[in-house]
Amino acid sequence: MKIVIQDIGEFDLQPGQPLKRILSEIKKVVKKLPVGFKFQEEYLDWHTPVTSSLGNGELVELIPIYPDDKEALWFLRHTASHVLAQAVKELFPEAKLGIGPAIEDGFYYDIYYTRPFNEEDLEKIEKKVKEIIQKRLPLERREISKEEAEKLFSSLKEEFKLELIKEINEDTVSIYSQGDFVDLCRGPHVLSTGDIKAIKLLSVSGAYWRGDEKNPMLWRIYGTAFFSKEELEKYLKRLEEIKKRDHRKLGKELELFTIEEAIGPGLVIWLPKGALIRNLIENFWKEEHFKRGYQLLYTPHIALRDLWKVSGHLDFYAENMFPSMELENRAYQLKPMNCPFHIYVYNQKRRSYREFPIRFCELGTVYRFERSGVLHGLLRVRGFTQDDAHIFCREDQLEEELTNVLDLVVYFLKVFGFYEYKIFVSTRPEKFVGDPKVWDKAEEALKKALENKGLSYEIDPGEGVFYGPKIDLKIKDVLGRFWQCSTIQVDFNLPERFDLVYVGENNKFYRPIMVHRALLGSLERFLGVLIENYAGAFPFWISPVQLKVLTITDRTIPYAEKVAQTLEKAGFRVERDFRSEKLNYKIRIAQQEKVPYMVILGDKEEENQVVSLRSRTGEVLNNLSLEDLISKLKTENQPYYQLNERS
RNA sequence: GCCGGCGUAGCUCAGUGGUAGAGCAGUGGAUUCGUAAUCCACAGGUCGAGGGUUCGAAACCCUCCGCCGGCUCCA
């Protein structure tokens, strides 16, 4: 049978033989050897037997994957995880192997052992890993029957592997080996352990077997591997960069927010500078909503417990809610969501079909009980403010409303510097309320709205909320990490439960559809993501301090004060540094505070009645008149500025 | 919640059983300086909380709280 490898050539291969058989032939005609191959959507390594079932029986067309291709790392890291497992088994023969996949930035292996692995173990293991790599052990693949596999892994006392084999539906399973080590594995792998040119073990932590807390806990060893040392270095630098941008660190340094032990875990205090940013964002948010026909609401933080019975939250959401409180024989409940309140606003009067769509928005603070182990800075908290809205509309308006919401999301994200995102449509889960036909319609409406906007999406099957399907947006920050913020959900359940109606054209009652949406998600999380995205250097319009006036000598203080006041009167947020310190020192401090502009004033500036402007990016503009400065800053002092800059 | 690590001045951290330390920040003083750290002095601590071991505990043991990295979950 013929194997055609794109850009390389045509080769003959006996069906059922691995591509390794033609390795030497290929070596003769290529400069760079592929790591593996792609056949349609599947990856093939050198070890996998090529059967005539691939392609049209006579001919198999493969696309080679080279070390520089992103996908190549998945081959390499999968092998790296096997090497890790081999090293652990050599050092700790009683250890039992769980699973060991390649992941986004590296790989891990879950391993059971009588005691946890510590730093020292990790060093020893890494040393062993490197030895195995240096031996340049070739990998071998074999297909064996399930019975054989069970025999093999029970002789190795690998109970977890036996459990995995039982769940495999095929008659045969594949195993990969290198040296004395053998592992149940689907592949793909590289040719030899020697292909791993750079590897580093990063951390150990506990992980339940198969992610279920009822199962025993294994030790998960994380690591990463590359085809070159330089790439590893680059990756480690990126880790450092991420650490530097950590919003918890920057939040403290820039005095944006605090979470106090004495106040409570997951409860955020906004410090003046952080509160200022938040307020600017909130004001912008409100304006944009007013422009788009939303009406602003304020609702209480607690409500009678019965409300949450009607809404279904006590049945479906109880584990995320703080316990209720009794007062004067009535039970109250801290709110985990804003929706029921908005429903009562809807119900203030008899609604007509002519009124739709009705759009209520609220910056609503909710409280959700999160298990202590999952709290994380601003990104995962127990009290947070959603930029929430509920749109009530007729079925025929749903698609348009969803399109409008998408428009608004995309716009907001752009304003805040996010241009890329992943979109997921979550469909009907197993436990759901309502009519499947209506669900289908809603899912269609969601997809249609995305398609109208030309946005591509992935389907997350069965991941919808019990009351309706949803669209989730995960935004990509400058470091390529994804964060879930925006969510758009179609809801048939609550209108039903609260018996919402409107009067139609024919004077009959109909039930409205509710769209629940949060664009930024929660202000806490969004600000956390913003801090990391900008590394604390906020765009001018939301910088808590926009300008810092620095004097060179005490002589200039009166002039500097005049300049500062002029800038303040023009509406900018100004700080003064008139201390008798050296200019270099003051610049350094302002730089660390990430203030966008420093206005530097000395004798020369005073004499000519001008300023010297230094931006935090290091650019210097001398002899700038105050009028020019103010007009320049006014242009920059608007949310759309960076949008305009980009386009 | 579970597993591991950590908790010392406002911040970053040193201190492994014998009198609580450094740098930065703060305060006072000197200096008047041109685009990323001027010098001197002073002040600052219930060593996360509680209990125990010991002649003696920041350090060793126990319990609790919080934080960090994961597991699971989500805005």
Side-chain angles (χ1 to χ4, degrees), chain A residues 108 110 115-119 122 202-222 243 246 248-249 252-253 255 258-266 317 319-320 336-338 364-366 368-388 463 465 472-474 483-487 489 516-526 528-529 550-557 579-593 598-605 612-616 618-622:
Chain A
Y108 68 79
D110 282 349
R115 62 163 180 86
F117 297 111
N118 55 38
E119 292 283 308
L122 215 60
L202 297 168
S203 63
V204 202
S205 60
Y208 299 109
W209 170 237
R210 326 210 79 178
D212 188 333
E213 55 191 81
K214 281 174 238 131
N215 286 337
M217 188 162 279
L218 313 186
W219 308 110
R220 176 170 296 181
I221 302 178
Y222 281 94
K243 240 189 194 165
D246 191 314
R248 294 164 299 188
K249 185 174 172 290
K252 192 171 270 172
E253 285 171 5
E255 299 178 0
T258 179
I259 296 169
E260 290 292 317
E261 192 171 339
I263 288 166
Y317 210 71
E319 72 271 25
N320 283 300
M337 291 189 193
N338 304 302
T365 304
V366 297
R368 296 183 187 173
F369 178 74
E370 298 284 353
R371 298 157 105 196
S372 57
V374 305
L375 299 172
H376 181 93
L378 293 178
L379 301 179
R380 195 71 186 277
V381 293
R382 285 183 175 157
F384 56 98
T385 302
Q386 292 182 304
D387 69 317
D388 211 353
E463 288 301 308
V465 206
D472 285 332
L473 265 84
K474 291 188 183 173
W483 305 96
Q484 199 205 311
C485 292
S486 324
T487 181
Q489 307 173 348
H516 170 117
R517 44 114 286 194
L519 307 183
L520 310 177
S522 82
L523 287 160
E524 284 74 8
R525 177 175 290 178
F526 193 73
V529 175
L550 314 183
T551 48
I552 293 171
T553 75
D554 290 356
R555 285 191 299 281
T556 338
I557 292 178
R579 294 176 297 177
S580 63
E581 295 285 353
K582 286 193 163 176
L583 178 61
N584 277 345
Y585 175 80
K586 296 187 193 182
I587 289 174
R588 182 182 160 82
I589 299 298
Q591 198 76 44
Q592 282 171 346
E593 292 168 349
M598 292 160 235
V599 177
I600 298 171
L601 304 173
D603 294 338
K604 274 192 265 172
E605 282 73 19
S612 169
L613 189 70
R614 183 196 160 105
S615 74
R616 66 186 160 200
E619 292 141 54
V620 178
L621 264 175
N622 284 319

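Proteins come first, then strands; the chains are lettered A, B, ... in the order of their sequence lines, and each starts at number 1.
In secondary-structure terms, RNA chain B builds stems of at least 3 consecutive Watson-Crick or G-U pairs, each pair having both distances under 3.5 Å, at B:1-7 with B:65-71, B:10-13 with B:21-24, B:26-30 with B:38-42, B:48-52 with B:60-64.
Nearest-nucleotide assignment on RNA chain B puts the 5′-proximal partner with A:S372, out of A:S372 and A:D212. Nearest-nucleotide positions on RNA chain B place A:E581 closer to the 5' end than the other of A:E581 and A:G377.
Nucleic acid contact for A:N584: sugar-phosphate only, since backbone atoms but no base atoms lie under 4.0 Å from a heavy atom of the residue. Among the heavy atoms of the strands, none lies under 4.0 Å from A:E524. Backbone-only contact: A:R579 has heavy atoms under 4.0 Å from sugar-phosphate atoms and none from a base. A:F384 comes within 4.0 angstrom of a nucleotide base, judged by non-hydrogen atoms across all strands. Residue-level contact check: A:Q484 touches the backbone only, with heavy atoms under 4.0 Å from sugar-phosphate atoms and none from bases. Base contact: A:S612 has a heavy atom under 4.0 Å from a base atom. Contacts of A:V366 with the nucleic acid, taken as non-hydrogen atoms under 4.0 Å apart, are absent. Here A:R525 lies in heavy-atom contact (under 4.0 Å) with a base. A:V204 comes within 4.0 angstrom of no nucleic acid atom, judged by non-hydrogen atoms across all strands. As judged by a 4.0 angstrom heavy-atom cut-off over every strand, A:D110 is placed among residues making no nucleic acid contact. Residue contacts shown for A:Y222 are limited to sugar-phosphate atoms, with no base heavy atom under 4.0 Å away. Heavy atoms of A:G521 sit under 4.0 angstrom from primed sugar atoms or phosphate atoms, though from no base atom.
With P as the reference atom, B:A20 and B:A9 are 16 Å apart, rounded to whole Å. Nucleotides B:G34 and B:U38 have their C1' atoms positioned 15 Å apart, rounded to a whole Å. Nucleotides B:C24 and B:C61 place their P atoms 35 Å apart, quoted to the nearest Å. Using atom P as the reference point in both B:A59 and B:U54, the two lie 16 Å apart (nearest Å). Only the P atoms considered, B:C73 is 27 Å distant from B:C64, to the nearest whole Å. B:G28 and B:A43: their P atoms are spaced 15 Å apart (whole Å). B:G51 sits 15 Å from B:C65 when the C1' atoms are compared, rounded to a whole Å. B:G52 and B:G7 have their P atoms separated by 23 Å, given to the nearest Å.
Looking at A:T487 and A:D472, their side chains do bring a donor and an acceptor atom within 3.5 Å of each other. Side-chain contact check for A:T385 and A:T365: at least one donor-acceptor pair (N or O, by modelled atom type) lies under 3.5 Å.
Nucleotides of RNA chain B that come within less than 4.0 Å of any heavy atom of chain A span, from the 5' end to the 3' end, B:G1 to B:A75.
Evaluation of the salt bridge (charged side-chain N to carboxylate O under 4.0 Å, His left out) rule for A:K249 yields A:E253 as partners, not counting sequence neighbours. Residues satisfying the salt bridge (charged side-chain N to carboxylate O under 4.0 Å, His left out) criterion with A:R555, sequence neighbours excluded, are A:D603. Partners of A:S372 according to the side chain to side chain contact (heavy atoms under 4.5 Å, CB included) rule, which considers only residues two or more places apart in sequence or in another chain, are A:R382. Scanning for ring-ring contact (aromatic ring centres under 6.0 Å, His included) contacts around A:W209 gives A:F160, with sequence neighbours left out. Residues passing the ring-ring contact (aromatic ring centres under 6.0 Å, His included) test with A:Y222 are A:Y108, sequence neighbours excluded. A:I552 meets the side chain to side chain contact (heavy atoms under 4.5 Å, CB included) test with A:L583, A:I600; sequence neighbours excluded. For A:D246, the salt bridge (charged side-chain N to carboxylate O under 4.0 Å, His left out) partners at least two apart in sequence or on another chain are A:R248. Considering only residues two or more places apart in sequence or on other chains, A:Y317 meets the ring-ring contact (aromatic ring centres under 6.0 Å, His included) condition with A:H313. Scored by the side chain to side chain contact (heavy atoms under 4.5 Å, CB included) test, A:V366 finds A:K335, A:N338, A:R368, A:F384, A:Q386 as partners (sequence neighbours excluded).
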Discussion item. Run A:R380 and A:E370 through salt bridge (charged side-chain N to carboxylate O under 4.0 Å, His left out) and show every step you take.
Written reply: CA-CA 8 Å; A:R380 195 71 186 277; A:E370 298 284 353; 2.5 Å; yes
Worksheet entry | Steps toward side chain to side chain donor-acceptor pair (under 3.5 Å) verdict (A:S486, A:K474) | CA-CA 7 Å; A:S486 324; A:K474 291 188 183 173; over 6 Å; no
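Residues from residues 598-605 of chain A that place a heavy atom under 4.0 Å from any atom of RNA chain B, listed by number: A:I600, A:G602, A:D603, A:K604, A:E605.
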